[in-house]
Every structure is written in structure tokens, then in C-alpha cells.
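Below is one structure; the comments refer to it alone.
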Amino acid sequence: MPKILVTGGAGYIGSHTTLALCSRGYEVVVYDNLSTGRAEAVLPPARLEVGDLAETHKLSALMAREQFDGILHFAGSIVVPESMTNPVKYYTNNTNNTTNLIGLAVKHKIPSFIFSSTAAVYGMPEIVPVTETSPLDPINPYGRSKLMSEWVIQDTHAAHPDFSYVILRYFNVAGADPGGRIGQSTPKATHLIKVASQTALGRRDHLKIFGTDYPTKDGTCIRDYIHVTDLANAHVLALNHLQAGRPSGIFNCGYGQGYTVREIVNAVKKVSKVDFATQDVDRRPGDPATLIADPAKLMQTMQWQPEHDDIEEIALSAYLWESKL
Ligand SMILES: NC(=O)c1ccc[n+]([C@@H]2O[C@H](COP(=O)([O-])OP(=O)(O)OC[C@H]3O[C@@H](n4cnc5c(N)ncnc54)[C@H](O)[C@@H]3O)[C@@H](O)[C@H]2O)c1
Ligand SMILES: O=c1ccn([C@@H]2O[C@H](COP(=O)(O)OP(=O)(O)O[C@H]3O[C@H](CO)[C@@H](O)[C@H](O)[C@H]3O)[C@@H](O)[C@H]2O)c(=O)[nH]1
């Protein structure tokens, strides 16, 4: 079976994708500096090599030794507000380190590259659902650091056609492994469903609702929440797609269905059976009112079919995982 390098595989989405790859017989080596990831999230038979993307000699030696068939690149810095106060961290870890990794992939002739991009590359879209050809206008350093990485990937493919890629633009990723083996463990996570689960468990006094005057049905922001296991499966399909020699491309990952912040809060209250406190506060800077994916390209090209697209299932799996932490 093919051997795959998964950078950031000790983190939230990378660990779920590693699980999906291993369950289909792929051999996986995770490369992670454990800055936000956890060694326990890398389940055997996947192997963990602790290292930083910036340690290019170490990474190059690993590639020479293991002879990978593909790279799934999750490692990066992901907190949007932090990217505004510390942009250099984001351009260094997301853009520079991705550029170096691509250079090594070309040098070691690793043919398939799958990249974790984000809906943040679209900024504040005027038209939703958002298709892959919607205008690209990121409004924060996080989104720009990812868009620049996309350009490096595309330019490298143009120069080296044997380097093929799939760029996956994730919308809001949530939930946990239905088997309860792994979940989102980042200690200071800011994501809505995780924060709501922590509040239901009494680990926070209340949940702040950022902005209630948006032009949406209840005044709160609308997002497209995708179950992490469905997203992990999209990565496996993307890898199969490239290994079958099919064309490189960019794909949105979401369900095409949006929920308001209040609807999410109510879903977490329902599954947890806890009527926790919320507080309406000002808008959070940089939040678009509505972000919904058009996933038709992913569904048609890769035959991707969501299996966990039920907001209460997503909320329950996140809550059950949180209660174990
Ligand atoms: N979570 C979301 O909703 C979301 C949405 C869109 C895109 N993404 C992207 O998906 C990817 C994974 O996100 P996640 O939510 O799993 O985050 P995460 O923080 O759980 O995972 C990131 C992993 O990368 C590792 N890492 C970071 N910098 C590294 C470096 N320099 N060298 C080696 N390892 C390093 C961390 O230790 C961690 O294990 C990121 O690239 C992120 O930008 C996430
Ligand atoms: O305590 C909270 C946390 C969030 N929100 C709101 O909930 C929505 C979702 O927020 P969050 O879960 O933080 O996700 P986003 O800001 O939408 O960003 C996520 O989704 C993007 C893609 O859509 C990715 O690029 C980012 O990496 C990822 O963090 C937003 O309207 C927030 O204002 C609250 O009201 N209270």
C-alpha cells in the first residue's frame, strides 16, 4: 500500500485523516512538532516522528529514508485573531514552511500533495453558496498566508507537472471520531461548537455570542459546519484521485447548509441537556455574516458523499469527546 507523510497528523483534522488512511490500509508517518497536537492522537499503526517543518534537514532525511508516495499537509498555525497580532508567525509557519515542504517534495519526487486550505481565502463573500471560482479576497493574515501557499502549490505544478496537488478549502470543521477514539483536544480552542461544549460541561461560565445584528434570520453569523470524519474521507478520496492520475484541482469542503450561532448553541444545549448561559456581545472583528460552501465540485469529481451531515450528530460527538477530556 502507498506510504503517506502526514504533517500535523497529531492535530485535530490530521489525526482523524490519519485514522481514515490507516483504516484503508495506507502506511502513515506523521510529522508534527506537538505545538498544538498531541502524541496520543496518533494511533498505531501510524508512526509519529516529532519534528518541526522548519527543520528541513530532518524532513529531507525522513523523505529520503521513507520514500513517500504522497504528502498530506495539515501542519500550520490556525487562529485568525492571533494572525492579526502576530502576522509574521503565520507567514513563517504557513507560507514559508509550506514553500520549503513543496521544495522537498519536488526534490524527493513525491508525486501527490494535498493541502489544508480554508474558506478564509474568500474573505467576506458577497454571494453564497461560495464556489471555487468565487473572488479570492482574504481579510486577515491567516487567510492570506494560506492563499499564498495555494499559489506556490499551483506554480510548482505548472513548473513540475509530475508534482500533482489537491487543495481542499475547509469550511467550519467540527465534531469528533464517531468511535470516540480522538477529537479536538487543543487546549485554547476558539471554535464555536467546542466552546459551547466546554460551557455545557461547566468549564466556562457562559458562551459569548459575537454579534447579533448581522443580516441573517436571527442576527447571528451563519456557517457551514462539516463533520471532521466526512472531511477526513474527502482527503482519502483526493489521494485516490491523484494516484489514479486524475487532474490537480481545488475543492470546497462543506455541506452547502448553514446554521446560525444561535442554532448551534441550541443544538449543543439539546444534545448535552444543559441550558447553559450565553451573553450577547459585540461583533468579533473580521467575521463575515454568512459563509456557506458549494460542495458540488467535490461531490461530482470525487464521488464524495457526506455521511455525518446532521448538526445534532456533530454537536453530540463534539460534546461526548469534550466530556472525556
Ligand atoms: N479547524 C478548522 O476549522 C480549519 C478550517 C480551515 C482550515 N484548517 C486547516 O487545517 C489544518 C489543520 O487544522 P487543525 O484544526 O487540525 O489544527 P491543529 O492545531 O489541531 O493541528 C495542527 C497540527 O500541526 C502541528 N504543527 C503546527 N506547526 C508545525 C510545524 N511548524 N512543524 C510541525 N508541526 C506543526 C501542530 O502541533 C498540530 O498537531 C491547518 O492547516 C488549518 O489551517 C482548519
Ligand atoms: O465563543 C464563540 C465562538 C465563535 N462564535 C461565532 O461562531 C461563528 C464561528 O466561529 P469559529 O468557530 O471561531 O469559526 P470561524 O471564525 O468561522 O473560523 C473557522 O472556519 C474558517 C473557515 O470557515 C477557518 O478558516 C478557520 O480556521 C476556522 O477557525 C462565528 O460567527 C463566531 O463569531 C461565537 O459567537 N462565540
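Indexing begins at 1, ligand by ligand and atom by atom, following the structure's order. Since we're looking at a predicted model, the values are computed, not measured. We're numbering straight along the sequence, starting at 1.
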Top protein contact for [atom], by heavy-atom distance:
atom	value
atom 5 (C) of ligand 1	Phe171 O, 3.7 Å
atom 18 (P) of ligand 1	Thr36 OG1, 3.7 Å
atom 28 (C) of ligand 2	His191 NE2, 3.6 Å
atom 18 (O) of ligand 2	Asn172 ND2, 3.9 Å

- Task: Check each heavy atom of Arg223 against ligand 2 and say whether those closer than 4.0 Å belong to the side chain, the backbone, both or neither.
- Result: side chain
- Taking heavy atoms and a distance under 4.0 Å, where does Gln184 meet ligand 1: side chain, backbone, both or neither? neither
- Query: Only one of Val106, Leu72, Ile153 forms a side-chain contact (heavy atoms from CB on, under 4.5 Å) with Phe113, so which one is it?
  - Reply: Ile153
- Message: What verdict does the salt bridge (charged side-chain N to carboxylate O under 4.0 Å, His left out) test give for Lys194 and Glu322, after you've listed the backbone C-alpha separation in whole Å, the side-chain angles of each residue and the deciding distance to 0.1 Å?
- Response: CA-CA 8 Å; Lys194 184 163 176 90; Glu322 200 63 38; 2.8 Å; yes
- Query: Any sub-3.5 Å donor-acceptor pair from His16's side-chain atoms to Asp177's backbone N or O?
  - Reply: yes
Any [X] heavy atom less than 4.0 Å to ligand 1:
X	answer
Ser117	yes
Arg38	no
Ala54	no

- Is any N or O atom of Tyr225, backbone or side chain, closer than 3.5 Å to an N or O atom of ligand 2? no
- Item | Aromatic ring pairing His235/Tyr170, orientation class (parallel under 30°, perpendicular over 60°, tilted between) |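 Perpendicular: the ring planes of His235 and Tyr170 meet at over 60°.
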- Task: For salt bridge (charged side-chain N to carboxylate O under 4.0 Å, His left out), just list the numbers for Glu263 and Arg223, CA-CA rounded to whole Å, side-chain angles, deciding distance to a tenth of an Å, and then say yes or no.
- Result: CA-CA 10 Å; Glu263 286 172 332; Arg223 294 288 182 276; over 6 Å; no
- Checking side chain to side chain donor-acceptor pair (under 3.5 Å) for the pair His308/Thr229: CA distance, chi angles, key distance, verdict? CA-CA 8 Å; His308 305 279; Thr229 299; 5.0 Å; no
